Amino acid sequence: MTSTDMIQAEALPPQYGRDWAPVSPGRDGRDAGPGRVAVAVYAEDIILHSGVVQQLRHRPEVELLTEDEGGKAEVSLMVVDRLNDTVVGVLRRLHRSTSSRLGLVVGQFETGGLQTVIECGVAAVMRRSEADQDRLVRLVTALANGEGVMPGDLLGKLLDRVGNLQRTMLDPRGLTLSTLTAREAEMLRLVADGLDTSEIAARTSYSERTVKNVLHEIATRLGLRNRAHAVGYAMRHGLI
């Protein structure tokens, strides 16, 4: 490709659902090395796309992918002005067709769209006004590590929604947001506290036989090998 062709290619606006980036890995003189996160950037116009790419292109933590390398992305960033039906459609398509973790960098974001983007597989949301170079890199790194990122006000609203769901829909049915019923969660919590079968029976007012059956069901369903494994599960899921 000649330099003229390169300029023409870089002048093309990015297309929704396509992996377009104005740099190739290593074009800035650095070879793609271990530990760098492979990132695909999607945007609704070239200005939004270029802004994020310029922030990331010289960071050693990031490897920007070319149009033909979208399938290799560990992280896909969607950069938009606002959430609308077109953006939601692209997010859903990316969620279905790629294994990358999805992040959304958005100009205006209504809290009512939070549930929608979560259902689309988005694990991180950042407002464009806050998207400086370091924050973008932290977002990309967090996504690559399997973590989520969300503005504090949105996180608070999400937790409120989760709490309301638990109180109004799940608690009356003896269910929790984990794979455990309320009774199972309580018994597992008591196991983690060091209680034996008879003590759990006394604490919960169930027979020892019922306690054994419940704990056996939990262990079988969740693949728990022993009490230490049960304690680890309880800690990871916020039961203790």
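Counting from 1, the numbers follow the sequence of the chain as shown. Only heavy atoms go into these numbers, but all of them, side chains included; no hydrogens, no water, no symmetry mates. Because the structure is predicted, anything quoted here is derived from the model rather than measured.
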request  = Mark yes or no for whether R36, through its side chain, and E61, through its backbone, hold a donor-acceptor pair below 3.5 Å.
outcome  = no
query = Is the backbone N or O of E147 less than 3.5 Å from a side-chain atom of R101, with the two atoms forming a donor-acceptor pair by type?
reply = yes
task = Check whether any side-chain N or O of E74 sits under 3.5 Å from a backbone N or O of A38 as a donor-acceptor pair, and report yes or no.
result = yes
Shortest non-hydrogen separation from A123 to L143 and the atoms involved = CB-CD2, 3.6 Å
key: Backbone N/O of D196 and side chain of E199: donor-acceptor pair under 3.5 Å   = yes
query = Is there a side-chain contact (heavy atoms from CB on, under 4.5 Å) between E44 and T86 once you walk through the steps?
reply = CA-CA 10 Å; E44 57 190 330; T86 303; over 6 Å; no
key: Inter-residue atom distance M187.CE - T210.OG1, 0.5 Å rounding   = 7.0 Å
Interatomic spacing from CD in E63 to CG in L56 - rounded to 0.5 Å = 12.5 Å
task = Check whether any side-chain heavy atom of M78 sits under 4.5 Å from a side-chain heavy atom of L102, and report yes or no.
result = no
task = Assess whether side-chain contact (heavy atoms from CB on, under 4.5 Å) is satisfied between H49 and V79, documenting all intermediate values.
result = CA-CA 7 Å; H49 185 276; V79 191; over 6 Å; no
Minimum-distance pair of heavy atoms, taken over all atoms of S100 and S76 = OG-OG, 2.7 Å
task = Kindly check if the number of other-residue, nucleotide or ligand heavy atoms within 6.0 Å of CG (D132) is above 12?
result = yes
request  = Output yes when a side-chain donor or acceptor of E184 lies under 3.5 Å from a complementary backbone atom of I218, and no otherwise.
outcome  = no
message = Just to verify, which of V105, L64, L48 counts as forming a side chain to side chain contact (heavy atoms under 4.5 Å, CB included) with V41?
response = L64
inquiry  = Taking the side chain as everything from C-beta on, heavy atoms only, tell me whether E186 gets closer than 4.5 Å to I200.
reply    = no
ask   = Hey, what do you get for OG1 (T98) to NZ (K72), rounding to the nearest 0.5 Å?
value = 15.0 Å
inquiry  = Measuring from atom CG of L77 to atom CG of L94, what distance do you get when rounded to the nearest 0.5 angstrom?
reply    = 11.0 Å
task = I would like to know whether L136 and V62 meet side-chain contact (heavy atoms from CB on, under 4.5 Å); could you show each step before the answer?
result = CA-CA 10 Å; L136 281 170; V62 175; over 6 Å; no
message = Measuring only between side-chain heavy atoms, which start at C-beta, is C120 closer than 4.5 Å to V88?
response = yes
ask   = Can a salt bridge be assigned to the pair D134 and R59 using a cut-off of 4.0 Å between side-chain N and carboxylate O?
value = yes
ask   = Taking side chain as C-beta onward, heavy atoms only, is V106 less than 4.5 Å from V117?
value = no
request  = Heavy atoms only: give me the nearest H95-E119 pair and the separation to one decimal.
outcome  = CD2-O, 4.4 Å
message = Do E208 and S198 have side chains that approach each other closer than 4.5 Å (heavy atoms only, starting at C-beta)?
response = yes
message = Just so I know, are the side chains of V80 and V90 near enough to count as touching, which here means a heavy-atom distance under 4.5 Å?
response = no
message = What verdict does the side-chain contact (heavy atoms from CB on, under 4.5 Å) test give for D81 and R128, after you've listed the backbone C-alpha separation in whole Å, the side-chain angles of each residue and the deciding distance to 0.1 Å?
response = CA-CA 8 Å; D81 278 324; R128 282 213 334 265; 2.8 Å; yes
task = Examine distances only and state if a side-chain atom of D45 and a backbone atom of I47 form a donor-acceptor pair shorter than 3.5 Å.
result = yes
request  = Provide the closest heavy-atom pair for A40 versus Y42 in the form atom of the first, atom of the second, distance.
outcome  = CB-CE1, 3.7 Å
query = So, for R135 and E130, which heavy atoms are closest and what is the spacing to 0.1 Å?
reply = CD-O, 2.9 Å
ask   = If you take all heavy atoms of A142 and V149, which pair is closest and at what distance?
value = CB-CG2, 3.6 Å
ask   = Would you say Y206 and V214 make side-chain contact, with heavy atoms under 4.5 Å?
value = no
remark   = In this structure, CZ of R127 is separated from CD of Q108 (nearest 0.5 Å) by 10.5 Å
